[in-house]
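Below: the structure, in structure tokens.
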There are 2 protein chains.
Amino acid sequence: MAGSELTNIKSPRVKAARRLAKRAFRDRDRSFLAEGPQAVREALALEGVVAELFTTAEAELRHADILFAATHAGVPVFRVSGEVMSELAQTVTPQGLLAVCRFLHVPLEQAVTAGSRLVAVLAHVRDPGNAGTVLRSADAAGADSVVFTDASVDPYNGKCVRASAGSLFHLPVTVGTPAAQAVARLKESGLRVLAADGAGERTLDDVDLSGPTAWIFGNEAWGLPPELLRLADEVVKVPIYGRAESLNLATAAAVCLYASARSQRAGSESGPAPRLP
Amino acid sequence: MAGSELTNIKSPRVKAARRLAKRAFRDRDRSFLAEGPQAVREALALEGVVAELFTTAEAELRHADILFAATHAGVPVFRVSGEVMSELAQTVTPQGLLAVCRFLHVPLEQAVTAGSRLVAVLAHVRDPGNAGTVLRSADAAGADSVVFTDASVDPYNGKCVRASAGSLFHLPVTVGTPAAQAVARLKESGLRVLAADGAGERTLDDVDLSGPTAWIFGNEAWGLPPELLRLADEVVKVPIYGRAESLNLATAAAVCLYASARSQRAGSESGPAPRLP
């Protein structure tokens with residue numbers, strides 16, 4: 001643990017961490033920021049991910065377990081003043097813990113294999129909060145991995161990391177994958193590729209989801225581009241039973257991923273749900 | 001249509017509309033703001049809801065249909081400068097259309113009846129974006145109504161109205177309903193009251209959702225208070241198949257509401273999903 005406290009927001013160490021709020025610096029340093037006890041705890045559970053940890057004196061007392069784990073893992077810990085933490089943290093109420101983490105994404109070939117049963121592909125998802133929420137839902141639904149295409153937001157964006165609520169550290173993710181390449185790999189690996197889009201002819205309730213499945217989720221406003229819809233094995237929509245025009249992207253993704261999880265677990269004999277007359 | 005343009009942000013009419021961003025003024029005037037073409041169009045589809053409409057010259061050209069509908073309905077239309085619209089609108093990129101709408105919530109007795117099949121109850125939901133997203137999902141899942149309890153955020157909050165994407169205008173909502181009173185009314189009306197909470201012993205996949213059901217959703221951080229869990233017929237959790245600690249509130253609500261919609265439509269013979277060994 002650091003003996004003295006960093007109080008200067010202009011110290012090189014603080015500046016180096018702070019600029020990771022910007023993608024260009026994250027890509028250059030191959031590092032990103034994770035804030036708060038939950039994310040830091042999850043990051044520390046992975047070997048070699050946390051490069052350094054910034055804490056406030058108060059947070060050290062409150063989260064002794066995290067400090068112990070960091071010290072035990074040989075992670076350099078820097079105590080900073082409240083002012084420096086406010087400068088580093090991207091949240092309004094920083095919780096006194098902020099880790100500089102090394103990139104942890106994996107190659108597509110590692111994220112998608114013949115053993116994959118459920119994969120979420122974020123294509124053209126632009127809002128980092130939505131992307132993080134989909135990552136969290138994919139984790140909850142037991143997905144094997146999440147593919148971020150080159151047209152989607154950076155999963156290391158601070159808002160995405162926070163919205164993922166630790167899930168970024170739970171399952172393999174890819175970054176910057178061309179969508180066509182992802183679809184080819186998914187198909188080669190034996191997964192059925194479903195594009196979630198309101199343009200779908202069949203609904204979630206009418207397709208058999210019991211086999212290995214990949215879901216492609218598109219843009220918040222305009223969905224998926226035609227060329228990606230064509231690449232998919234099928235375009236499937238979430239049924240709208242009421243008068244809403246559509247669902248929010250992250251909620252639609254959760255409904256799709258859970259429908260898959262449920263079908264896969266119920267066994268292949270259940271098949272699609274009975275159709276209404 | 002207004003002949004001249006309001007350019008003074010201090011004009012009494014502009015000030016009166018602008019203060020509706022605050023709940024105290026909304027409650028006093030029994031009015032709220034709806035921004036953007038989608039919300040304004042939905043509001044105009046309901047008789048007597050829109051009290052006045054503010055537009056920019058540009059938006060009038062782009063959305064002639066809306067202007068026509070407003071004029072036809074006898075709604076006073078005031079053309080304002082871009083500066084005044086920026087002052088009125090709560091979004092960074094106002095779309096040039098803003099309606100002052102009259103409160104449209106209904107009494108509990110009207111929202112929940114013996115004919116209700118699916119009802120969402122927002123208890124202790126504090127984030128307006130989440131509340132609006134749940135309202136949108138409830139609408140999409142074909143819910144009959146949404147109950148906002150007195151411990152939840154105001155559905156007329158601008159962020160909630162926007163996140164609902166028009167759904168606030170689609171189905172009956174109640175506001176400020178005491179939770180115990182809502183549960184009593186739901187039970188009297190023949191609905192099974194399920195509390196969605198990680199404390200549940202059974203998961204969504206293990207309960208029969210084919211009958212009339214009400215779902216209670218709690219706080220983003222801490223869920224539902226014990227007294228409300230006790231009032232419910234059953235506490236049900238969304239199964240977590242992966243390593244996520246929980247789901248985001250709005251995504252969990254969508255998964256629950258769609259599970260109900262699916263079961264109700266599949267018919268009562270389907271019963272709960274087969275259990276895994």
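Below, all heavy atoms of this structure are taken into account, side chains as well, without hydrogens, waters or symmetry copies. Residue numbers start from 1 in every chain, and the chains themselves are labelled A, B, ... in the order their sequence lines are given, proteins ahead of strands.
Closest heavy-atom contact between Thr251(A) and Ala254(B): CB-CB, 3.7 Å.
The candidate with the highest count of non-hydrogen atom pairs below 4.5 Å against chain B, out of Ala244(A), Ala250(A), Ser164(A), Ala143(A), is Ala244(A). Contacts with chain A were tallied for Gly142(B), Ala163(B), Ser167(B), Ala138(B); Gly142(B) has the most, counting heavy-atom pairs under 4.5 Å.
Judged by distance alone, the side chain of Arg136(B) and the main-chain N or O of Leu247(A) form a donor-acceptor pair under 3.5 Å. Side-chain atoms of Tyr258(A) come within 3.5 Å of backbone N or O of Pro239(B) as a donor-acceptor pair. In this structure, Asn248(B) contributes its side chain and Thr133(A) its backbone to no donor-acceptor pair below 3.5 Å.
Within a 6.0 Å radius of CD in Glu245(A), other residues, nucleotides and ligands contribute 12 heavy atoms or fewer. Within a 6.0 Å radius of CD in Glu58(A), other residues, nucleotides and ligands contribute 12 heavy atoms or fewer.
Between Arg243(B) and Asp139(A) there is no salt bridge, since none of the side-chain N atoms of the basic residue sits less than 4.0 Å from a carboxylate O of the acidic one.
The distance from atom CZ of Arg262(A) to atom CZ of Arg262(B), rounded to the nearest 0.5 Å, is 5.0 Å.
Contact annotation for Ser246(A): both backbone and side-chain heavy atoms come within less than 4.5 Å of a heavy atom of chain B. In this structure, chain B has heavy atoms under 4.5 Å from both the backbone and the side chain of Ser137(A).
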